[in-house]
Amino acid sequence: MSGRNTALTPPADATAPVRHPDAPAPGEPLGAHYEHCFGCGEDQPHGLHLESRAGEGVRVTAEFTVKTAHQGAPGLAHGGVLATALDETLGSLNWLLRVIAVTGRLETDYLRPVPVGTVLYLEAEVTAVAGRKIYSTAVGRIGGPEGPVAVRADALFIEVKVDHFIENGRPEEIRAAMAEPDQVRRARAFEVNP
């Protein structure tokens, strides 16, 4: 057994990702894509409040501080919270491609515990694109970009149309997001995750 899922391996005819010409510049903060998002939203009192920045090529970096509300075992981050941080970071890559995409598969490896109070530094990049499929990878390090690797993930995102959210979301939230007068904020509300 190889240990890695073949569904996360790009096909032979996959192409290299291409950063959209209108993508945020390297170093630019990406901001919350939706204020109620558990991963990055400002209006989530117990959310991650993950802060992402555009990197070079089709890469992003992000950080979040593990708070008491994020623990599983006493004093340690919950594994699901760490997976959420990876998923949020990976999903923000799609903003650099300027596509709407949802998580199709996320495979996470937990390498070391992450204590409450720790700043988790995340790096992610798109590795390949094949039709509507976007292949990406991420790593989370304790304390900074040179810190020890605590978690890593490989993911497959699937490009969708905004109708995916309109048909499946709760009507009151969809109406509120669609009524947003700022076109960029309205588009970003539907940026990541099903």
Where is the tightest heavy-atom contact between [X] and [Y], given as atom of each residue plus distance?
X	Y	value
R141	V149	NH1-CG2, 3.4 Å
L76	P115	CD2-CA, 3.8 Å
L93	S136	CD1-CB, 3.7 Å
L156	K133	CD1-CB, 3.6 Å
A155	L8	C-CD2, 3.6 Å
F157	N94	CD2-ND2, 3.4 Å

Heavy-atom check, side chain of [X] versus side chain of [Y], under 4.5 Å:
X	Y	answer
P24	L96	yes
L120	V151	yes
L122	L50	yes
V58	L97	yes

Quick one: does any side-chain atom of [X] pair with a main-chain N or O of [Y] as donor and acceptor, under 3.5 Å?
X	Y	result
S52	T89	no
Q71	T68	yes
R98	D22	yes
T108	A153	no

Q.
Please determine whether a side-chain nitrogen of the Lys or Arg among E159 and R132 lies less than 4.0 Å from a carboxylate oxygen of the Asp or Glu.
A.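 Result for this pair is no, no salt bridge flagged.
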
Measuring from [X]:[atom1] to [Y]:[atom2], what's the distance to the nearest 0.5 Å?
X	Y	atom1	atom2	answer
I100	I158	CD1	CD1	14.5 Å
L90	T137	CG	OG1	7.0 Å
E56	R19	CD	CZ	7.0 Å
T118	H70	OG1	NE2	12.5 Å
R152	L86	CZ	CG	11.0 Å
T103	D87	OG1	CG	3.5 Å

Same cluster or not: are [X] and [Y] linked, directly or through other Ile, Leu, Val, Met, Phe, Trp or Tyr residues, by side-chain heavy atoms under 4.5 angstrom apart?
X	Y	answer
V139	L82	no
Y121	L30	no
F64	V116	yes

